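Written out below as structure tokens is the structure these notes cover.
Hydrogens, waters and symmetry mates are skipped; everything else that's a heavy atom, side chains included, is used. All of these numbers come straight from a predicted model, not from anything done at the bench. Count residues from 1 along the sequence. Ligands are counted one by one from 1 in listed order, and the atoms in each one are counted from 1 as well.
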Amino acid sequence: MSRINHQVRLAARPVGQPRPTDWEHVEEPVGEPGEGELLVQVLYLSIDPAMRGWMNAGRSYIPPVEIGEVMRAGAVGRVIASRHPGFAVGDHVSGTFGVQEYCLSNGRGVTKVDPALAPLPTYLGTLGMTGLTAYFGLLDVGRPQPGQTVVVSGAAGAVGSVVGQIAKILGCRVVGIAGGERKCRLVVEEFGFDAAIDYQAEDVRKALREHAPDGVDVYFDNVGGDILDAVLVRLAHGARVVICGAVSQYNNTEPVKGPSNYMSLLVNRATMTGMVVFDYADRYPEGIAELAEWRAAGRLRSIEDVVSGGVAAFPETLLRLFRGENLGKLVLKVGGE
Ligand code: NAP
């Protein structure tokens, strides 16, 4: 049977927020796997703020997506043909399959996932890249101690919601920062944080004085910009600031807004450290095992925001992240199942 692969390729490097003309929608026949290859039908795509960075030219922690290339994306799918000894037809797999309906892969970076243990979208969130980012970023870089105060921004999102819940498991006081009343309620009522600050309606500096009266021991920063600056002035002695991302800055046409209040690091003998989850690749199994255990024990809730529409809906779905329209991990449903 001849199948058609619908793909979304990068057509132009965006200036500011990506526009429809930055993408090209392409159809091509699906190839057959060669020796050592497998053919994956993509079922769910991970939609990540980092995608915006991958669209830019220039040096980063990963090469940019080239013009004309299929847009890079993490995904889960099902093996529908295989000439690879490690994968059989019917296996469910996770990998960087791209914004397309089918992917031919040589198996490198592809891992099997078990839909009996967790719904497939969860392997893109809590049991996937964003869960691992939260896990290693908080434990390895943030290093919170029981009783300490952990503040996390993007608190209702994929990474932030897991960071706060792990910090609660560790016995910390946890304050989330998120946009809007609905998200703040979710952060406290569903994810069990001690408090939430609505940065759209409250003065973050003032609210932190109330919710972190002894200062912030760990700040896990997902957003950068003004919120980072506001938290910096509330650091406790010896605080650790984890620079995970700066989503508020990704569509800037001006240079990234750096923190003005960085002298707080000196005053408080604090550190600010960048982390990239890929550096922990050899420890992923350890992270996944503990996250899965917490999830199975009901100590870690995961929420996936699954949008339908297939690959054609990708350009619009990506923008949801920058409008704050997602609750938990944003996933785009692509194939059947
Ligand atoms: P997410 O938090 O699920 O979604 C993005 C959220 O960012 C939105 O829902 C929105 O929440 C918030 N946001 C958007 N524009 C904003 C603005 N101008 N100011 C403040 N908040 C804004 O996304 P995620 O996948 O979990 O990623 C969170 C961060 O982690 C991103 O910065 C991402 O790049 C980073 N990350 C880093 C690594 C790594 O290895 N370092 C790995 C994965 C992700 P509100 O409605 O609350 O504003």
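Between the side chain of S82 and the backbone N or O of F87, at least one donor-acceptor pair lies under 3.5 Å. The closest donor-acceptor contact from the side chain of D217 to the backbone of A239 lies at 3.5 Å or more, if one exists at all. Remark: the backbone N or O of K257 is paired with a side-chain donor or acceptor of Q249 at under 3.5 angstrom. Q165 places a side-chain N or O within 3.5 Å of a backbone atom of S161 that can act as its donor or acceptor partner.
Of all protein heavy atoms, the one lying nearest to atom 23 (O) of ligand 1 is P49 CG, 3.4 Å. Here the heavy atom of the protein found nearest to atom 40 (O) of ligand 1 is V277 N, 2.8 Å. Nearest protein heavy-atom neighbour of atom 7 (O) of ligand 1: V247 CG1, 3.4 Å. Remark: minimum distance from atom 48 (O) of ligand 1 to any protein heavy atom is reached at Y199 OH, 2.5 Å.
Relative orientation of the F322 and Y250 rings is perpendicular, given thresholds of 30° and 60° on the angle between their planes. By the 30° and 60° cut-offs, the orientation of the rings of Y135 relative to W294 is tilted.
Residue-ligand proximity: A156 is placed with every non-hydrogen atom at 4.0 Å or more from ligand 1. Using 4.0 Å as the threshold, Y250 has a heavy atom nearer than that to some atom of ligand 1. Contact between G328 and ligand 1 is present, with at least one heavy atom of the residue lying under 4.0 Å from the ligand. Distances from ligand 1 to the non-hydrogen atoms of G180 include no value under 4.0 Å. Heavy-atom distances between M129 and ligand 1 reach below 4.0 Å in at least one pair. Not a single heavy atom of F278 sits closer than 4.0 Å to an atom of ligand 1. At least one heavy atom of N326 lies less than 4.0 angstrom from ligand 1.
Every atom of ligand 1 with a heavy atom of M275 under 4.0 Å away is listed here by number and element: 39 (C), 40 (O), 41 (N). The F322 neighbourhood of ligand 1 comprises atoms 15 (N), with distances under 4.0 Å to a heavy atom of that residue. Set against the non-hydrogen atoms of A246, the atoms of ligand 1 under 4.0 Å away are 32 (O). Numbered from 1 in the order shown, with element, the atoms of ligand 1 that lie under 4.0 Å from a heavy atom of T130 read 25 (O).
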Task: Full working for side-chain contact (heavy atoms from CB on, under 4.5 Å) between M129 and D48 - done: CA-CA 10 Å; M129 194 267 290; D48 294 284; 3.4 Å; yes

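A chain of hydrophobic side-chain contacts below 4.5 Å, direct or via other Ile, Leu, Val, Met, Phe, Trp or Tyr residues, connects I62 to V99.
Checked by distance only, ligand 1 and K329 stay at 3.5 Å or farther apart across all their nitrogen or oxygen atoms. Close N/O approach between G179 and ligand 1 is found [any backbone or side-chain N/O within under 3.5 Å]. Between E325 and ligand 1, no N or O atom pair is found at a separation short of 3.5 Å. The N/O atoms of V159, backbone and side chain alike, include one that comes under 3.5 Å of an N/O atom in ligand 1. Polar contact with ligand 1: present for A158 (N/O pair, distance under 3.5 Å). By the 3.5 Å distance cut-off applied to N or O atoms, V223 is not counted among the residues near ligand 1. Taking distance alone, with nitrogen or oxygen atoms compared against 3.5 Å, N222 approaches ligand 1 more closely than that limit.
Contact between F136 and R283 at its shortest, heavy atoms only, is CZ-O, 3.2 Å. Here the closest non-hydrogen pair linking C244 and F220 is CB-CE2, 3.4 Å. The heavy-atom pair separating M55 from P14 by the smallest distance is CE-CG, 3.4 Å.
The only option from I288, L117, V331, V93 that meets the side-chain contact (heavy atoms from CB on, under 4.5 Å) definition with Y123 turns out to be L117.
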